[in-house]
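What you see is a predicted model; the values in this text were computed from it and never measured.
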Amino acid sequence: NAGVTQTPKFRVLKTGQSMTLLCAQDMNHEYMYWYRQDPGMGLRLIHYSVGEGTTAKGEVPDGYNVSRLKKQNFLLGLESAAPSQTSVYFCASSGSGTSTDTQYFGPGTRLTVL
Amino acid sequence: AQSVTQLGSHVSVSEGALVLLRCNYSSSVPPYLFWYVQYPNQGLQLLLKYTSAATLVKGINGFEAEFKKSETSFHLTKPSAHMSDAAEYFCAVSVNTGGFKTIFGAGTRLFVKA
């Protein structure tokens, strides 16, 4: 049982390049989330999904797109990377998405945009 | 709208001393509160959560937190710090408003001195 895994762990992009971050969970969770973590700002929600085939915007969605084609996978895309997107990205999942539900986090992807 | 404030971005204690990490929340409806811990180069993991049952919540690794409605606080404590407690700690608030909404604080980094 691997929990939540993220690929890749590190990536360096040039401004304008595109990339996709992959998140996979093996806990059969319905809800999945993408956050970014910046110093002094905690975690901010980018996009989330309440089930296969559904996605919704979070707090800071601009410049990102997501897809949930399979229940176990949640992809985060950057179409044209900008230096402001330099951050650590965390994927998380939860069973039901209720307010008391625990979120399970992946190890993170450290992205640098030059 | 709800919010979370963690007082002190850095806290330093000696090994064996009391750990106190402060969290205050703001919410117009009854909140659910969480403490997550992030060890270096890892994702967040749940320490404990308050879900409106007991106001004193015990978590893993000897940590506990007390929900005080009158003070709008949910401070995290541990009687005796261990070197392995060095990490970043995040307080989070979630409310049941029919939509997904969990807000994370900015985090407090705990240093433990030998």
Side-chain angles (χ1 to χ4, degrees), chain A residues 2-10 21 23-25 27 29-51 54-61 74 87-110, chain B residues 1-10 21 23-25 27-54 57 59-60 67 74 87-109:
Chain A
V4 179
T5 58
Q6 292 181 233
T7 308
K9 288 184 169 52
F10 303 93
L21 282 67
C23 176
Q25 53 96 3
M27 297 174 283
H29 284 169
E30 289 292 337
Y31 283 65
M32 296 187 74
Y33 320 88
W34 275 108
Y35 291 91
R36 58 177 291 172
Q37 182 183 33
D38 301 292
M41 302 187 73
L43 276 72
R44 292 181 292 168
L45 183 65
I46 304 171
H47 286 281
Y48 65 100
S49 168
V50 303
T54 71
T55 62
K57 293 181 180 180
E59 184 185 358
V60 289
F74 194 29
S87 187
V88 181
Y89 292 86
F90 288 100
C91 176
S93 70
S94 65
S96 64
T98 62
S99 301
T100 58
D101 211 6
T102 298
Q103 293 184 47
Y104 295 86
F105 287 80
T109 295
R110 187 173 295 275
Chain B
Q2 65 269 32
S3 65
V4 173
T5 301
Q6 292 185 239
L7 298 175
S9 59
H10 298 84
L21 304 182
C23 173
N24 288 90
Y25 70 91
S27 177
S28 57
V29 298
Y32 304 107
L33 295 155
F34 305 76
W35 276 100
Y36 285 86
V37 60
Q38 183 182 29
Y39 297 106
N41 300 314
Q42 295 185 26
L44 282 70
Q45 57 183 277
L46 182 72
L47 262 182
L48 50 81
K49 62 181 175 181
Y50 166 75
T51 59
S52 75
V57 182
I60 62 172
F67 173 70
F74 191 57
E88 189 151 21
Y89 293 80
F90 292 91
C91 183
V93 62
S94 181
V95 296
N96 190 7
T97 58
F100 175 77
K101 195 74 168 177
T102 296
I103 301 297
F104 286 84
T108 297
R109 185 166 294 278

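Minimum heavy-atom separation, A:Gln37 to B:Phe90: NE2-CZ, 3.1 Å. Between B:Ala106 and A:Gly40, the shortest heavy-atom distance links the atoms CB-O, 3.4 Å.
Under the side-chain hydrogen bond (donor to acceptor under 3.5 Å, both in side chains) criterion, A:Asp101 pairs with A:Ser96, sequence neighbours left out. Legend: residues meeting side-chain hydrogen bond (donor to acceptor under 3.5 Å, both in side chains) with A:Thr55, ordered by chain and number and at least two apart, are absent.
Atom-to-atom distance recorded for B:Leu33:CG and A:Thr100:OG1 is 12.0 Å, nearest 0.5 angstrom. For the atom pair OG1 (B:Thr102) and OH (A:Tyr48), the distance works out to 10.5 Å, reported to the nearest 0.5 Å. Expressed to the nearest 0.5 Å, how far CZ of B:Phe34 lies from CD of A:Gln103 amounts to 7.5 Å. Atom CZ of residue A:Phe105 and atom OH of residue B:Tyr36 lie 5.5 Å apart, to the nearest 0.5 angstrom. If you take CZ on A:Arg110 and CG on B:Asn41, they are separated by 7.0 Å, rounding to the nearest 0.5 Å.
In this structure, chain B has no heavy atom under 4.5 Å from any part of A:Glu59. In this structure, chain A has a heavy atom under 4.5 Å from the side chain of B:Gln38, while its backbone stays farther away.
Among B:Glu88, B:Gln42, B:Gln45, B:Arg109, the residue with the largest count of heavy-atom pairs under 4.5 Å with chain A is B:Gln42. Between chain A and the residues B:Leu44, B:Leu46, B:Ile103, the largest count of heavy-atom pairs under 4.5 Å involves B:Leu44.
Residue B:Tyr25 places its OH atom among more than 12 non-hydrogen atoms of other residues, nucleotides or ligands, all under 6.0 Å distant.
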